[in-house]
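Structure below; questions to follow.
Please read these numbers as outputs of a predicted model, since none were measured by experiment.
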Amino acid sequence: MKQRKRTVLAAITVACLLCSCSQTANGATTETTVATTDATTLVTALDPETLFSTRDKTGDYDESQAITITLSDTKATSSDNSKVSISASTVTIQDEGVYILSGKLTNGQIIVDAEESDKVQLVLNGVTINNNTSAAIYVRQSDKVFVTLAKGTTNTLSNKYAFVAIDDNNIDGVVFAKDDITFNGSGTLIINAAYGSGVVAKDDLTITGGSYKVNAADHGFTAKDGIAIADGTFQITSGKDGFHSENKDDATKGFIYVGKGSYNITAHGDGFDGASILQIEDGTFQIKTGGGSDATLAEDASAKGVKTTGNLLLSGGTYTLNCADDAFHGNGNLTVKGGNYTIATGDDGFHADLAAVVEGGTIHITKSYEGIEGQTVQISGGTVKIVSSDDGINAAESGEDSDEITVGGEKGKKADGERPAFDATATPPEKPAGDATTSATTKTDASTKNTTGNPPIGTPPTGSAPTGTPPTGTEGAIPNRMGGGFQANENCDITITGGTITIDAKGDAIDSNGSIHISGGVIYITGPENNGNSCVDSDGDAVITGGTLVACGSSSMFHGFSTDSTQGWALINLTEAKSGKVTLTSGGTTLLSYTPTREYTAVLVSGSGIKKGSTYTLTMGDETKTFTMESLSYTSGTSSNGNMSGRGQMNGTRQNQTTTKATS
């Protein structure tokens, strides 16, 4: 195999926690690291300047110097028989050069079998090529092949039946390339793969322009070393993934890069599936996977919108995703720097095994099991709206809260390694007061555990409640931690420093198996009606030092913030459920206002205007509470279920997995 000109740097590892990358004027990659631990491994983003050559982008050719090949049903002719060998309907190109193809083969093949150093350009100038049992275009050997779609032309490639071997290579695509292949130009290419994939590249696959309509039994486009797309229009229907890149022999390869373009993908598997890194800069994406968010999946199925086993970087784009599985999934880190997202999913909106980071963009998750999930979740900007049947934002190590979770006396079935599949007809019972044992979790996946030995931002506790005396001058007891039934996981943390976040969650709205730190942003929460869940829940400290928060929900698991908090907060437990707007005023000035979407029995508010010694009026529907902050915290009333501790039950119903589907 030739020495590859581009690979994903070894710096991209599943041990890294967060890096923000940008380019300088000369195209070099720069790295901006946010220190979440004392030892942070850098993530190196793909540099598009190294991914596309000038010839990749232009698709230019001199027609006067080109060799013409004319196809005619069962035969072909060429203007230069010294470089082209023709046997009936099989055309073999043996030398470097530009070849312009036109006409039709009803059962034939174009083979490129040149020297390893040769570059070959195939200009498709209105061709229709079908091969019943093999590839319509087969690149057996070359340095690189350029497939140029001539302006104003429509070209069709297809197969009909199962593949039959013609040599030692396992041909399994309508276009099959053993070496690098580039598609460019401005014409249209239609690929109908009744068997196998549309395009298969055993090295690098590059696309810089053109319009593509692919209907494939397996993957739409697949490459071993990497897929780099600068632009193009794509309409793909696939039995497996829309785009798939994976190198089982080299973990640093198998990347996907998207610069821009338009993508309409309906996939039985994943929309995009990359291995080492998946990076999207811009584009328009309409993706439906696995039948959509209401569909059911087999236990081993994957029907994610955009997925990578490495790091996922999203800088921009407009996305409309309807997925049976996670909409965006990274087994490493997931970073959102910008873009517009409309998401309906049967599982998570955004999932990262390590850090899930939102720095900007507009995110609207209209349906999900959990909205945003990662070992750590960091939100510093953007507009985020989440509707979830379980947690809105969740920080948990991969495998936590998933393998054996008891619900109503029954252990939940593990679903895709992240969340159990529940019986949609079953309703989790409310826990009795003081019972912290309804959920029993067994951790089984230690393969992705943070091995740095360093906690995230702040110093989370190690499982025991902090000491000290609660503030005075309040009505009712003030807990100084959120959970208490589980030992805090020091690797898990939710940090919110900016952005506008609106959550409508049937489970915990903000839930961390470790700590929570809020120092900025605006947060509005409609929390659970189920008394086994809370608007804000953590096994470690929950600290607020800035920002604005209004949270309304069930009161039994509802707690305030820890004594390390430096911003004032108030928690009001109501004697009966209320509905309607929640407003906090002081001296005739409205400080906070939010209208939840459901009834609530408790309200938690915090903001920079809540000061020690000041008096406030909190209006909750038709009830009003006036109170004076004698310290930085205030609580009133008693929770409806004895203010019990311990983590809440799983409230959502991730789609039961019953149908059978391919996993790749």
Side-chain angles (χ1 to χ4, degrees), residues 284-287 292-294 305-306 314 316-323 326-329 334-352 356-374 377-395 494-512 516 518 520-529 533-537 547-553 579 581-582 592-598 600 603-607 651-652:
T284 302
F285 303 83
Q286 185 168 326
I287 302 174
S293 62
D294 293 327
V306 178
L314 304 168
T318 300
Y319 304 81
T320 302
L321 270 60
N322 184 8
C323 305
D326 295 346
F328 294 89
H329 179 101
L334 186 159
T335 301
V336 180
K337 301 175 74 65
N340 292 277
Y341 305 82
T342 302
I343 297 169
T345 170
D347 203 350
D348 299 342
F350 293 85
H351 173 92
V357 180
V358 178
E359 298 178 359
T362 301
I363 297 170
H364 189 190
I365 302 174
T366 62
K367 177 186 177 184
S368 67
Y369 178 72
E370 291 189 332
I372 301 174
E373 181 179 51
V377 178
Q378 303 170 42
I379 301 176
S380 59
T383 300
V384 180
K385 295 181 180 180
I386 297 172
V387 176
S388 64
S389 61
D390 199 66
D391 297 344
I393 299 173
N394 183 46
I494 295 173
T495 298
I496 300 173
T497 60
T500 300
I501 304 166
T502 305
I503 301 174
D504 184 333
K506 296 294 181 66
D508 297 323
I510 300 177
D511 179 19
S512 174
I516 296 174
I518 300 173
V522 179
I523 305 168
Y524 301 114
I525 295 174
T526 297
E529 296 174 300
N533 295 280
S534 176
C535 287
V536 183
D537 181 29
T548 299
L549 171 73
V550 183
C552 310
S579 62
K581 182 182 289 188
V582 172
L592 306 169
S593 181
Y594 170 60
T595 303
T597 60
R598 288 187 299 278
Y600 48 90
V603 175
L604 173 66
V605 293
S606 181
N651 197 60

Item to check | Considering all heavy atoms, the nearest Gly527-Cys535 contact | outcome: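 Closest heavy-atom pair between Gly527 and Cys535: CA-SG, 3.6 Å.
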Checklist entry - Between the side chain of Asp326 and the main-chain N/O of Asp348, is any donor-acceptor distance below 3.5 Å? => result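 A pair under 3.5 Å: yes.
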Item to check | Heavy-atom pair with the smallest gap, counting every atom of Ser534 and Pro528 | outcome: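 Closest heavy-atom pair between Ser534 and Pro528: N-CG, 3.7 Å.
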Item to check | Separation of His364 NE2 from Thr383 OG1 (nearest 0.5 Å) | outcome: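 The OG1 atom of Thr383 sits 11.5 Å away from the NE2 atom of His364.
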Item to check | Side-chain touch Ile510/Ile501, heavy atoms, less than 4.5 angstrom | outcome: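 They are not in side-chain contact.
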Next on the checklist: For a 4.5 angstrom cut-off between non-hydrogen side-chain atoms, does Ile496 reach Ile516?
Outcome noted: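 Side chain of Ile496 against side chain of Ile516, heavy atoms only: no contact under 4.5 Å found.
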Next on the checklist: Treating Asp347 as the side-chain partner and Tyr369 as the backbone partner, does any N or O pair qualify as donor plus acceptor under 3.5 Å?
Outcome noted: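 Judged by distance alone, no pair lies under 3.5 Å.
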Next on the checklist: Working to the nearest 0.5 angstrom, can you tell me the gap between Leu334 CG and Glu373 CD?
Outcome noted: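 Between Leu334 CG and Glu373 CD, I get 11.5 Å after rounding to 0.5 Å.
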Checklist entry - Would you call Asp391 and Asp537 a side-chain contact if the rule is heavy atoms closer than 4.5 Å? => result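 A side-chain contact under 4.5 Å is absent here.
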Checklist entry - Would you say Ile393 and Val384 make side-chain contact, with heavy atoms under 4.5 Å? => result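 No, every pair of side-chain atoms sits at 4.5 Å or beyond.
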Next on the checklist: Is any side-chain heavy atom of Phe328 closer than 4.5 Å to one of Val336?
Outcome noted: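 Side chain of Val336 against side chain of Phe328, heavy atoms only: no contact under 4.5 Å found.
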Item to check | Closest approach of Gly371 to Ile386 (non-hydrogen atoms, all atoms of both residues) | outcome: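 Looking at all heavy atoms of both residues, the shortest contact is CA-CG2, 3.7 Å.
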Next on the checklist: Distance check, rounded to the nearest 0.5 Å: Asn340 atom CG versus Thr318 atom OG1?
Outcome noted: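 These two atoms lie 5.0 Å from each other.
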Checklist entry - So which heavy atom on Ala327 is nearest to which on Ile343, and how close? => result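 Shortest heavy-atom separation between Ala327 and Ile343 comes out as CB-CG2, 3.4 Å.
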Item to check | Check against side chain to side chain donor-acceptor pair (under 3.5 Å), Ser293 and Asn322 | outcome: CA-CA 6 Å; Ser293 62; Asn322 184 8; 3.3 Å; yes
Checklist entry - Do Leu314 and Phe350 touch side chain to side chain, with heavy atoms closer than 4.5 Å? => result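 SC-SC contact between Leu314 and Phe350 confirmed.
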Checklist entry - Nearest heavy-atom pair of Val582 and Cys552: which atoms, and what distance? => result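 That would be CG2-SG, 3.7 Å.
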Checklist entry - Which value, rounded to the nearest 0.5 Å, describes the distance between Asp294 atom CG and Thr345 atom OG1? => result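 That separation rounds to 10.5 Å.
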Item to check | For the student: nearest non-hydrogen atoms of Ser593 and Lys581, plus distance | outcome: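 Shortest heavy-atom separation between Ser593 and Lys581 comes out as OG-CD, 3.5 Å.
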Next on the checklist: Let me confirm one number: the OG1-CG distance from Thr366 to Asp504, rounded to the nearest 0.5 Å.
Outcome noted: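 Here the interatomic distance stands at 11.5 Å.
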Item to check | Student check: side-chain heavy atoms of Thr335 and Glu359 closer than 4.5 Å | outcome: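 In short, these two side chains touch, coming nearer than 4.5 Å.
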Item to check | Criterion side chain to side chain donor-acceptor pair (under 3.5 Å) on Tyr594 and Thr526, from CA distance to verdict | outcome: CA-CA 9 Å; Tyr594 170 60; Thr526 297; 2.6 Å; yes
Item to check | Spacing of Ile372 atom CD1 and Ile363 atom CD1 [to the nearest 0.5 Å] | outcome: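 If I round to the nearest 0.5 Å, the distance is 5.0 Å.
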Next on the checklist: A side-chain contact here means heavy atoms from C-beta on lying under 4.5 Å apart; do Val387 and Lys367 qualify?
Outcome noted: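 Side chain of Val387 against side chain of Lys367, heavy atoms only: no contact under 4.5 Å found.
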